[in-house]
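Worksheet: one structure, shown below.
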Amino acid sequence: MNTRTILTLCTALVFGGALIAGSTNALGKADEKTQLNDSWITVKTKIALFADSRVKGSEINVETSQGSVTIRGKVDSDAAKQAAEGIAKGIDGAKTVKNDLQVVAPAKREATDDKDDAITARVNEQIAKDAHLKKAGIRAQTNAGVVSLTGEVQDLTTSAQASWTAWQVPGVKSVKNDLTVKEKV
């Protein structure tokens, strides 16, 4: 067996185990069933990306919310970016695919990764300093200087405050606010 096949198999086992463990808690609850379906779509997408030689699946992050798949990370070429999007669109259950992949030449990857890690750390630091944002459960991720904020917040004001906080961090080129505002019942 080659290394790629072994990695794909290991990934499938890890994600499968996580899904099985999570499914015992999800029986009978609609919201948790949606989360389970989203988790399953995420796993299937990651496995398909790992198995395809056109892309480096380990460098692509996949998030799914209500059947909408978002792929983020860095790829070597436009062809790899399009291939990853096509793979994600081919997954059963994926309603839409948002392609936030950044094309970064391999020669520039290390410098970009170091900068992105530092920016992410600074954004998370700033969020942690604000008591209101710290409790909101906001996740930040940086790709080629673009900060993506994800999570679910209580109101639009918190969402705007998180974007403003991220914008204030040195090195941030732009902010993608993918925060979901909870609907009041």
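If you're wondering where the values come from, they're calculated on a predicted model, not measured in any experiment. Atoms considered below: every heavy atom in the structure, side chains included; atoms not considered: hydrogens, waters and symmetry mates. Residues take their numbers from the sequence shown, with the count starting at 1.
- Between the side chains of Asp155 and Thr158, at least one donor N or O lies within less than 3.5 Å of an accepting N or O.
- No path of Ile, Leu, Val, Met, Phe, Trp and Tyr side chains, each step under 4.5 Å between heavy atoms, connects Val103 with Val146, placing them in separate hydrophobic clusters.
- Using a 4.5 Å cut-off between side-chain heavy atoms of Ile, Leu, Val, Met, Phe, Trp and Tyr, with links allowed through other members, Val172 and Ile127 fall into the same hydrophobic cluster.
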N/O donor-acceptor pairs under 3.5 Å from side chains in residues 89-97, not counting sequence neighbours:
unit_1, atom_1, unit_2, atom_2, d
Lys89, NZ, Glu85, OE2, 2.9
Thr96, OG1, Ser68, OG, 2.9

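- Partner of Leu101 under the side chain to side chain contact (heavy atoms under 4.5 Å, CB included) criterion, chosen from Val55, Asn61, Asp78, Ile60: Ile60.
- Note that CD of Glu63 is 10.0 Å distant from NZ of Lys98, once rounded to the nearest 0.5 Å.
- In this structure, Val153 and Gln161 have side chains that are not in contact, with every pair of non-hydrogen atoms separated by 4.5 Å or more.
- Residues Trp167 and Ile119 share a single hydrophobic cluster, defined by chaining ILVMFWY side chains whose heavy atoms lie under 4.5 Å apart.
- Considering Thr70, Asn37, Thr42 as possible partners of Thr64, the one that fulfils the side chain to side chain contact (heavy atoms under 4.5 Å, CB included) test is Thr42.
- Between the CD1 atom in Ile47 and the CD1 atom in Ile87 there is a gap of 13.0 Å [rounded to 0.5 Å].
- To the nearest 0.5 Å, atoms CG (Leu149) and CG (Asn177) are separated by 5.5 Å.
- Residues Ala166 and Val175 share a closest heavy-atom pair of CB-CG2, 3.8 Å.
- Put simply, the side chain of Gln168 does not reach to within 4.5 Å of the side chain of Gln126, judged on heavy atoms.
- A salt bridge does not link Asp178 to Lys176: none of the charged nitrogens lies less than 4.0 Å from a carboxylate oxygen.
- Residues Asn143 and Lys74 meet the side-chain proximity criterion, which asks for heavy atoms closer than 4.5 Å.
- Side-chain N or O atoms of Arg122 include one that pairs as donor or acceptor with a backbone N or O of Pro170 at under 3.5 Å.
- Proximity of Val43 to Lys46: side-chain heavy atoms (C-beta onward) are nowhere separated by under 4.5 Å.
- Contact of the Arg72 side chain with the Thr150 side chain is registered, since non-hydrogen atoms from C-beta on lie closer than 4.5 Å.
- From Gln82, atom CD reaches atom CZ of Arg54 across 10.5 Å, with rounding to the nearest 0.5 Å.
- With hydrophobic clusters built from ILVMFWY side chains whose heavy atoms lie under 4.5 angstrom apart, Trp164 does not share a cluster with Leu179.
- Checked against Thr142 for a side-chain hydrogen bond (donor to acceptor under 3.5 Å, both in side chains), the options Asp116, Thr120, Asp117 give a single hit: Thr120.
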What verdict does the side-chain contact (heavy atoms from CB on, under 4.5 Å) test give for Lys56 and Asp76, after you've listed the backbone C-alpha separation in whole Å, the side-chain angles of each residue and the deciding distance to 0.1 Å?
CA-CA 9 Å; Lys56 294 179 182 171; Asp76 296 341; 3.2 Å; yes
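- Heavy atoms only, all atoms of each residue included: Asn124 and Ala140 are closest at OD1-CB, 3.5 Å.
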